[in-house]
Colleague: 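Shown below is the structure under consideration.
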Amino acid sequence: MNRTTVQDAVTKCPPGEELTLAGWVRTVRASKGGFSFLALNDGSCLANIQIVADGKLSNYDAIAKLPTGSSVVVRGQLVASQGKGQRVEVQAGQIDIVGLADAEKFPIQQKHHSMEFLRTVAHLRGRTNTFGAVWRIRSAVSWAIHEFFQKNGFVYTHTPIITASDCEGAGELFRVSTLDLLNLPRDEKGGLDFDKDFFARATYLTVSGQLEAETLACALGKVYTFGPTFRAENSNTPRHLAEFWMVEPEVAFNDLRDNADLAEAFLKHIFRHVLEHCRADMEFFNERIDNTVIATLEGIVASDFERLTYTQAMEILTKADKTWEFPPAWGRDLQTEHERFLTEQTFKKPVIVTDYPSTIKPFYMRLSDDGKTVAAMDVLVPKIGEIIGGSQREERLDVLERRMRQSNLDPANYWWYVDLRRYGSVPHAGFGLGLERTVQFVTGMANIRDVIPFPRTPRLAEF
RNA sequence: UCCCGGAUAGCUCAAUGGUAGAGCACGCGGCUGUUAACCGCGGGGUUCAAGGUUCGAGUCCUUGUCCGGGAGCCA
């Protein structure tokens, strides 16, 4: 259908233009005096456009009592509005009712709804101001991610969703199988006979594309992946999903410092893009959801991230005049309360913590010369906590194999990953950015379930 | 998974152990330019489930289910 979006009609079309609009009715304000006002939204922007329906329209009686949520196609002339609150409105010449919404049953009313309630009608919640804005921001953030990497010479690669690596150290995995769960094949020892399964081996949904991305980076130089990621953790928090989208750049010849530089430039690009291209939606979030989001993003774009080592962070935390639920100590991981103290009280901006103890980080992170720390890097932001986790990778064959064995992993099971260190091995580094946490940070939405259209969490796979 | 809190009309919420209410939504009526329109009237309830205490339970107790907040795991 050839139609004008509400976005274009409201922002750039000149009065006088004949146009066709299509969308969903938010409200109808009928006047017995002979005409009605429809607030029409088509999802292209936050704003509704006001449609003036004259009583002379042949189907006026039906239009005057159109229920919220009904869909219509409107043909008419864009005119300067006589009323306050909008630059233009549409004087309708024809309004076709496409689909009625049962007013008694349609759950989205023009009133406040709780996020919890809207989650139970996830298929319809995009018709609210809040969720329409979140889905548009999510799209803009995704676009900005591609834009940043494409402009900087990265190759967009695709790593597998189904993987046989069963212990990458990044959490519990979902099993992928075509076996009949009610009639499982057994081998001679009574164990599961995976030879009968689709891939003739145990397979899982990926928890990270990193290992594969490393091999591609060591061929193409600069690569990134951007796709769904799965964690079968029994996590019940406003920051965790069982299925989420992750961006993972990987760059050959980059060290930890390059990696931090990349992460900082990358995040700033995303935030700048959203500030420049999603003004109306961002003003909505700033007004209705969190009145600090715009100032926070502007502040981040204009300043440098704080960088410090894990050891320096521990010094700050142990000297702080504060009683901790988990007292900080070198060798222990940073707790949520520690991260929040650093980002929200000490520095009041994003913080990049590097060089963590090797004992609390996975085998693939590069061991430092002191032998005690690895070239790890976490980017922490206020409220959300860890938004990026990354590292320089271990490129030395002997060190990698030793670290794998220390982690009770058999290098033979990772033969292709280890192989990379045999043929022209180079220093390289990368990180993972959680898309949903980024959208949360940008919009101020409190719960991660409200920044992905159909959230997957323990005991929830509806829709 | 652990700790804390919650579940009452379609939605958001009230209700000292003593007749279950309001706003919004919905229906009807009124209103000649409205802006989450406004004014009047009306219908609407297995108080999450199952037990228990009590003359009497939305309210107190037990168990379960679900939801939220915090923590852990992490992006």
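Just so it is clear: chains get the letters A, B, ... in the order the sequence lines come, proteins before strands, and each one is counted from 1.
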Colleague: Once you apply a heavy-atom cut-off of 4.0 Å, does A/Ser81 come out as touching a base, just sugar-phosphate, or nothing?
Modeller: base
Colleague: If the P atom of B/G5 is compared with that of B/C74, how far apart are they to the nearest Å?
Modeller: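 Each nucleotide's P atom is 29 Å from the other's.
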Colleague: B/G69, OP1 or OP2 - any side-chain N/O from A/Asn447 closer than 4.0 Å?
Modeller: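 Yes.
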Colleague: Identify whether any heavy atom of A/Phe37 sits under 4.0 Å from a base atom; if not, whether one sits that close to sugar-phosphate; answer base, sugar-phosphate or nothing.
Modeller: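 Contact class for A/Phe37: base.
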Colleague: Taking 4.0 angstrom as the limit, do A/Lys383 and A/Asp290 come out as a salt bridge?
Modeller: yes
Colleague: Any base atoms under 4.0 Å from A/Lys105, or only sugar-phosphate, or nothing? Heavy atoms, all strands.
Modeller: nothing
Colleague: In the structure shown, which nucleotide is the Watson-Crick or G-U wobble counterpart of B/U54, with both distances under 3.5 Å?
Modeller: none
Colleague: B/G72, OP1 or OP2 - any side-chain N/O from A/Thr237 closer than 4.0 Å?
Modeller: no
Colleague: OP1 or OP2 of B/G72 versus the side-chain N and O atoms of A/Thr336: is any pair under 4.0 Å?
Modeller: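 True: A/Thr336 side-chain N/O within range (under 4.0 Å) of B/G72 OP1/OP2.
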Colleague: Report the distance from atom CG of A/Asp450 to atom P of B/C67, rounded to the nearest whole Å.
Modeller: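 So the CG-P distance, A/Asp450 to B/C67, works out to 14 Å.
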Colleague: Between the side chains of A/Glu18 and A/Arg75, is the shortest nitrogen-to-carboxylate-oxygen separation below 4.0 Å, so that they form an ion pair?
Modeller: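 The answer is no: the pair does not qualify as a salt bridge.
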Colleague: Does this structure show an ion pair linking A/Lys361 with A/Asp378, if we count only N-O contacts that are shorter than 4.0 Å?
Modeller: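 Looking at A/Asp378 together with A/Lys361, the answer is yes, because their closest N to O distance falls below 4.0 Å.
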Colleague: So what does A/Glu89 hit on the nucleic acid, given a heavy-atom distance under 4.0 Å: a base, only sugar-phosphate, or nothing?
Modeller: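 Base: the residue A/Glu89, judged by heavy atoms under 4.0 Å, touches a nucleobase.
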Colleague: Can you check the A/Ile108 CD1 to B/C26 C1' distance for me, whole Å?
Modeller: 16 Å
Colleague: Give one of base, sugar-phosphate or nothing for A/Pro238, where a contact means two heavy atoms less than 4.0 Å apart.
Modeller: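 A/Pro238: backbone/sugar contact only, no base atoms under 4.0 Å.
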Colleague: Using purine N1 to pyrimidine N3 plus N6-O4 or O6-N4 for Watson-Crick, or N1-O2 and O6-N3 for G-U wobble, each under 3.5 Å, what pairs with B/C28?
Modeller: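 Its partner is B/G40.
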Colleague: Please work out if A/Ile388 contacts a base, only the sugar-phosphate, or nothing of the nucleic acid, heavy-atom cut-off 4.0 Å.
Modeller: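 If one applies the 4.0 Å heavy-atom cut-off, A/Ile388 turns out to touch the sugar-phosphate alone, with no base involved.
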Colleague: B/G21 and B/G64: how far apart are their P atoms, nearest whole angstrom?
Modeller: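 Straight-line distance between the two P atoms is 34 Å.
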Colleague: So, are A/Arg231 and A/Glu243 salt-bridged, with charged N and O less than 4.0 Å apart?
Modeller: no
Colleague: Hey, does the side chain of A/Ser114 come within less than 4.0 Å of B/U12's phosphate (OP1/OP2), counting only N and O?
Modeller: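 So the side-chain polar atoms of A/Ser114 do come within 4.0 Å of the phosphate oxygens OP1 or OP2 of B/U12, strictly under.
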Colleague: Taking CG from A/Leu124 and P from B/A25, how many angstroms apart are they, rounded to a whole number?
Modeller: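 Going from CG in A/Leu124 over to P in B/A25 covers 19 Å.
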Colleague: In whole angstroms, how far is the P atom of B/C2 from the CD atom of A/Gln335?
Modeller: 19 Å
Colleague: Within the structure shown, what part of the strands sits under 4.0 Å from A/Gln82 by heavy-atom distance: base, sugar-phosphate, or nothing?
Modeller: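 If one applies the 4.0 Å heavy-atom cut-off, A/Gln82 turns out to touch a base.
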Colleague: Should B/G5 form a Watson-Crick or G-U wobble pair with both distances under 3.5 Å, which nucleotide is its partner?
Modeller: B/C67
Colleague: Under 4.0 Å between a side-chain N or O of A/Arg239 and OP1 or OP2 of B/C73?
Modeller: no
Colleague: For the side chain of A/His240 and the base of B/C73, is some donor closer than 3.5 Å to an acceptor across the two?
Modeller: yes
Colleague: Between A/Pro107 and A/Arg119, name the one whose nearest nucleotide on RNA chain B is closer to the 5' end.
Modeller: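 The residue mapped nearer the 5' terminus is A/Pro107.
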Colleague: Expressed as a whole number of angstroms, how long is the span from A/Phe174:CZ to B/C74:C1'?
Modeller: 14 Å
Colleague: What integer distance in Å separates A/Glu104:CD from B/C26:C1'?
Modeller: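 Roughly 5 Å, once rounded to whole Å.
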Colleague: 5'-most contact on RNA chain B: A/Glu325 or A/Arg449, nearest heavy atom basis?
Modeller: A/Arg449
Colleague: From B/A36, B/C73, B/G33, pick the nucleotide closest to the side chain of A/Gln110?
Modeller: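 The listed nucleotide nearest to A/Gln110's side chain is B/A36.
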Colleague: State whether A/Arg449 and A/Glu436 are salt-bridged, where the test is any N-O pair (Lys NZ or Arg NE/NH1/NH2 against Asp/Glu carboxylate O) under 4.0 Å.
Modeller: no
Colleague: Any N or O donor-acceptor pair linking the side chain of A/Gln109 to the base of B/G10 at under 3.5 Å?
Modeller: yes
Colleague: Going by ring centres under 5.5 Å and near-parallel planes (under 30°), is A/Phe35 stacked on B/G33?
Modeller: no
Colleague: Just call it for A/Gly85: base, sugar-phosphate, or nothing, with non-hydrogen atoms closer than 4.0 Å on any strand.
Modeller: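 Counting heavy atoms under 4.0 Å across all strands, no contact is made by A/Gly85.
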Colleague: Which of these, A/Val141, A/Val451, A/Thr229, sits in a side-chain contact (heavy atoms from CB on, under 4.5 Å) with A/Leu435?
Modeller: A/Val141
Colleague: Base of B/U35, side chain of A/Asn48 - is there a donor-acceptor contact under 3.5 Å?
Modeller: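 Per atom types, no contact qualifies.
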Colleague: Name the pairing partner of B/A15, where a pair is Watson-Crick or G-U wobble with both distances under 3.5 Å, or state none.
Modeller: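 No nucleotide pairs with B/A15.
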Colleague: Taking only the P atom of each, what is the distance from B/G69 to B/G43 in whole angstrom?
Modeller: 39 Å
Colleague: So does A/His113 reach the base of B/C11 with its side chain, donor to acceptor, closer than 3.5 Å?
Modeller: no
Colleague: Spell out yes or no: do the side chain of A/Glu116 and the base of B/G68 have one donor N/O and one acceptor N/O closer than 3.5 Å?
Modeller: no
Colleague: Which part of the nucleic acid, if any, lies within contact of A/Gln86, taking any heavy atom under 4.0 Å across all strands shown: a base, the sugar-phosphate backbone alone, or nothing?
Modeller: base
Colleague: Find the partner of B/G33: check Watson-Crick (N1-N3 plus N6-O4 or O6-N4) and G-U wobble (N1-O2, O6-N3) distances, both under 3.5 Å, and reply none if neither fits.
Modeller: none
Colleague: Should the pair A/Arg393-A/Asp255 be classified as a salt bridge under the 4.0 Å nitrogen-to-oxygen rule?
Modeller: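 Looking at A/Asp255 together with A/Arg393, the answer is no, because their closest N to O distance does not fall below 4.0 Å.
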Colleague: Please name the nucleotide paired to B/G72 by Watson-Crick or G-U wobble geometry with both distances under 3.5 Å, or report none.
Modeller: none
Colleague: Please confirm whether any donor atom in the side chain of A/Ser235 sits under 3.5 Å from an acceptor in the base of B/C74, or the reverse.
Modeller: no
Colleague: Say we look at B/U62 and B/G10: how far apart would their P atoms be, to the nearest angstrom?
Modeller: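 Result for the P pair: 30 Å, nearest Å.
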Colleague: Indicate, yes or no, whether a donor-acceptor pair under 3.5 Å links the base of B/C67 to the side chain of A/Arg459.
Modeller: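 No, the side chain and the base share no sub-3.5 Å donor-acceptor pair.
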Colleague: Determine the Euclidean distance between corresponding P atoms of B/G17 and B/C61; express it in Å to zero decimal places.
Modeller: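 One P to the other, the span is 12 Å.
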Colleague: Is the count of non-hydrogen atoms from other residues, nucleotides or ligands lying under 6.0 Å from A/Arg288 atom CZ greater than 12?
Modeller: no
Colleague: Side-chain N or O of A/Arg29 less than 4.0 angstrom from OP1 or OP2 on B/U34?
Modeller: no
Colleague: Taking A/Glu344 first and then A/Lys348, would you say they form a salt bridge - that is, a charged N and a carboxylate O separated by under 4.0 Å?
Modeller: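 So A/Glu344 does not pair with A/Lys348 through a salt bridge.
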Colleague: Look at the side chain of A/Lys111 and decide which nucleotide, out of B/G10, B/C74, B/C26, has an atom nearest to it.
Modeller: B/G10
Colleague: Rounding to a whole Å, what distance do you find between A/Phe230:CZ and B/C73:C1'?
Modeller: 19 Å
Colleague: Can you tell me, in whole Å, how much space there is between the P of B/C41 and that of B/G33?
Modeller: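 Going atom to atom, P in each nucleotide, I get 22 Å.
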Colleague: Rounded to whole Å, please give me the gap between CG in A/Leu38 and P in B/A37.
Modeller: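 Spelled out: CG on A/Leu38 to P on B/A37 is 12 Å.
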